[in-house]
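In what follows, chains are A, B, ... by sequence order, proteins preceding strands, each numbered from 1. Quick note: numbers below take in every heavy atom, side chains included, and nothing from hydrogens, waters or symmetry partners.
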Number of protein chains: 2
Amino acid sequence: MSFDERKKSRVTLLDVARHANVSRATASLVLRKSPLVGSETRSRVEQAMRDLGYVYNIGAARLRVERSQIIGAIVPNLTNPFFAELLSGIEEVIGETGKVVILANSGDKVERQAMLLQRMREHGVDGVILCPAARTAPALSEEIADWGMPVVQVLRHISFDIDYVGADYAAGMRQAVDYLASLGHEKIAFAAHGPVQSAYQERVDGFRDAMLSKGLDPGILIHFPTQLGEIASATHLLFEQATRPTAAICFNHLVALGLSAGLYDRGLTIGRDLSLIGFDDVADEEAIRPKLTSVSTGPVTIGEMAARLLLERIANPDLPPRRVVNDTTLHIRQSCGRPQ
Amino acid sequence: MSFDERKKSRVTLLDVARHANVSRATASLVLRKSPLVGSETRSRVEQAMRDLGYVYNIGAARLRVERSQIIGAIVPNLTNPFFAELLSGIEEVIGETGKVVILANSGDKVERQAMLLQRMREHGVDGVILCPAARTAPALSEEIADWGMPVVQVLRHISFDIDYVGADYAAGMRQAVDYLASLGHEKIAFAAHGPVQSAYQERVDGFRDAMLSKGLDPGILIHFPTQLGEIASATHLLFEQATRPTAAICFNHLVALGLSAGLYDRGLTIGRDLSLIGFDDVADEEAIRPKLTSVSTGPVTIGEMAARLLLERIANPDLPPRRVVNDTTLHIRQSCGRPQ
DNA sequence: CTCATCACTTAGATCGATCTAAAATGTTTC
DNA sequence: GAAACATTTTAGATCGATCTAAGTGATGAG
């Protein structure tokens with residue numbers, strides 16, 4: 001490409017119009033596939049676009065029309081495969097509609113999240129899918145309402161005034177507890193992890209309720225380190241409780257992975273010395289040995305549902321807030337046995 | 001918020017200017033932190049912005065100025081944790097500069113990739129970080145040059161005319177082969193996977209060269225299924241070779257995970273019955289038991305480097321094309337032993 | 001007192017699309 | 001042949017910022 005060519009600014013709709021001997025307005029109609037324009041004219045304009053290598057300028061269009069075709073997605077941690085799968089579902093559905101996803105990582109920090117929301121507003125996103133950072137103030141929902149910005153909460157929620165898509169964590173806990181109880185377990189630990197947020201609370205509460213309804217003690221709640229690497233070496237915490245558990249339900253797949261490794265390191269056999277149930281069920285669970293019995297929340301599906309809900313919300317902003325709660329399924333594999 | 005308020009269009013720079021008794025031009029200067037504007041005026045305008053809840057409209061600005069503050073990132077597979085880590089590095093560096101990342105998943109399909117590139121052009125991205133889909137025609141680089149779009153290739157490359165950031169796969173293979181050879185292994189398999197692309201080729205060639213330079217037979221090359229779930233059950237392929245390998249080097253962490261599971265299923269002990277070396281070294285490698293000895297390519301770092309390279313390319317489009325090749329490191333853990 | 005300089009400030013054009021309202025063209029109908 | 005109508009096409013304003021070139025005062029120099 002010559003220097004001149006690079007210098008020359010991009011091909012505009014006006015150039016196309018002139019090349020096809022029509023007005024800018026007509027060219028614009030062709031672009032938007034309007035039925036108003038005659039078929040002969042249409043093909044002439046389309047040919048001109050090809051000839052000149054015309055590229056639609058969405059940015060310019062959106063100055064007139066209130067639609068940027070951009071959706072924002074904010075997650076607390078990109079490297080967690082669970083969120084990667086969520087994003088994959090979001091990107092899939094949004095992409096199908098010709099829109100585009102702006103990705104951002106809040107690092108579970110409230111201030112960073114505020115900055116990212118602001119940045120997305122500046123970019124004029126049509127809406128945002130938000131997995132709120134831990135300790136996000138519920139007042140954020142009022143700000144969002146003031147902004148008039150369509151938002152869907154995923155996995156975690158801070159307010160009932162905003163659409164929400166998540167999984168039925170409580171039901172998942174019940175499935176896990178019921179299954180372990182059916183095997184004869186009575187001392188079941190909950191292996192928690194990470195900061196407190198709604199999904200955390202729902203899982204803990206779900207665990208407690210499920211245990212109580214089986215007449216079991218819901219008191220064995222152990223908090224493990226945040227970093228995956230440190231979980232394995234904290235496995236001993238399981239055995240320093242007043243009552244030694246015979247099974248553990250993990251907060252998410254990271255804890256399950258960590259404990260699974262930690263038990264191996266201590267020469268213990270999963271399913272015999274301790275039964276283990278994972279949560280979230282990302283692709284790994286199937287790949288680990290022994291295969292992890294796990295409650296699946298279906299992150300890809302949740303991402304897809306969130307995306308669809310957001311699209312509906314954008315199309316119809318006056319809908320009352322909705323909550324979509326995805327069913328969980330217990331995948332029974334190899335990590336649970338009868339208590340010793 | 002009342003109906004009227006929602007109806008009222010967004011606050012514009014002109015509103016701010018009027019509220020602060022200055023011209024639109026002055027308000028714009030304040031926005032861009034120009035030293036030209038007086039300090040009393042500046043604070044008056046800033047106050048007006050706060051009073052009115054002004055939100056900068058990047059889209060409008062970019063119509064005048066050639067800068068959208070948007071970067072595109074195209075990866076072949078979002079659910080692969082390796083790419084999630086790559087993205088995390090990209091997002092981190094791009095986010096620091098106040099820009100924003102548009103995310104897209106090519107699914108390793110060439111046509112889909114073409115469509116995504118087109119969509120990104122329509123959005124006027126300042127540049128794109130592209131991990132080219134397998135079988136991408138090298139001619140794409142000419143198109144990209146014609147478009148005048150700053151692009152950085154990551155992990156895979158289709159052309160020497162475009163910046164590239166990757167890892168020294170050949171060196172990684174040498175590290176792996178040398179280590180296994182030092183343990184006494186002579187029959188080493190390469191466990192391949194996925195479609196052929198530059199990174200694949202470099203790894204295979206690297207393996208071959210490393211083997212030859214040790215005087216070993218580089219002929220045991222086995223291709224495993226694409227899906228993680230199917231790799232484990234294809235483990236038998238390892239033992240149906242003319243010469244039975246005593247060690248295997250895996251194409252990436254998915255193969256390593258799959259084979260590790262498959263060996264377990266067959267009652268074989270990793271490191272004794274077969275030594276295993278992984279590649280890529282995502283967080284999982286450390287979490288699996290036995291811990292996987294693995295060649296680390298540092299996806300987060302590569303993402304960061306690619307982002308930085310792209311920013312430099314955007315700032316200076318006339319730079320000659322550059323290649324950045326990240327060193328690999330062999331992390332020796334527990335999955336290798338002496339041959340039986 | 002005039003002119004140059006400095007430190008700000010601003011009117012108006014501009015970016016590339018869309019939208020409104022009206023005009024041009026072709027077709028029927030009476 | 002004119003009026004009524006349907007079908008296409010278009011001129012010009014518009015969205016919200018930035019940029020250019022010009023316009024204020026105030027101060028200092030000659």
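The nearest whole Å value for the distance from the CZ atom in A:Arg10 to the P atom in C:dA17 is 7 Å. Nucleotide D:dC15 holds its P atom 11 Å from the CD atom of A:Glu66, rounded to whole Å. Rounded to whole Å, the distance from CG on B:Leu13 to P on D:dT18 is 7 Å. Going from atom CG of B:Leu63 over to atom C1' of C:dA13 covers 13 Å, rounded to whole Å. The distance between atom NE2 of A:His123 and atom P of D:dA17, rounded to the nearest whole Å, is 14 Å. Here the P atom of nucleotide C:dG16 and the CE atom of A:Met49 are 15 Å apart, to the nearest Å.
At most 12 heavy atoms of other shown residues, nucleotides or ligands fall within 6.0 angstrom of atom CD in B:Glu66.
A heavy-atom distance below 4.5 Å is found between the side chains of A:Leu117 and A:Ile74. Counting heavy atoms from C-beta on, the side chains of A:Leu311 and A:Ile94 come closer than 4.5 Å.
Annotation: side-chain contact (heavy atoms from CB on, under 4.5 Å) contacts of B:Glu96 (sequence neighbours excluded): B:Glu92.
Side chain of A:Arg135 to main chain of A:Asp108: no donor-acceptor pair is present (N/O by atom type, distance under 3.5 Å, no hydrogens or angles). Remark: side-chain polar atoms of A:Arg323 are not paired, donor with acceptor, to backbone N or O of A:Tyr164 under 3.5 angstrom.
Direction change of the helix axis from one end of the helix from C:dC1-D:dG30 to C:dC30-D:dG1 to the other is 60°, with five pairs defining each end axis (rounded to 10°).
Phosphate contact (OP1/OP2 of C:dC15, side-chain N/O of A:Thr12, threshold under 4.0 Å): absent.
A side-chain N or O of B:Ser28 and one of B:Arg32 form a donor-acceptor pair less than 3.5 Å apart.
Of the residues listed (A:Gln153, A:Arg313, A:His157), the one engaging A:Asp163 in a side-chain hydrogen bond (donor to acceptor under 3.5 Å, both in side chains) is A:Arg313, and it is the only one.
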When you compare the protein's N or O atoms with those of nucleotides 7-12 of chain C, which come within less than 3.5 Å of each other, and at what distance?
unit_1, atom_1, unit_2, atom_2, d
C:dT9, OP1, B:Thr41, OG1, 2.5
C:dT9, OP2, B:Gly38, N, 2.9
C:dT9, OP2, B:Thr41, OG1, 3.4
C:dT10, OP2, B:Ser23, N, 2.8
C:dT10, OP2, B:Ser23, OG, 3.3
C:dT10, OP2, B:Thr26, OG1, 2.7
C:dT10, O5', B:Ser23, OG, 3.4

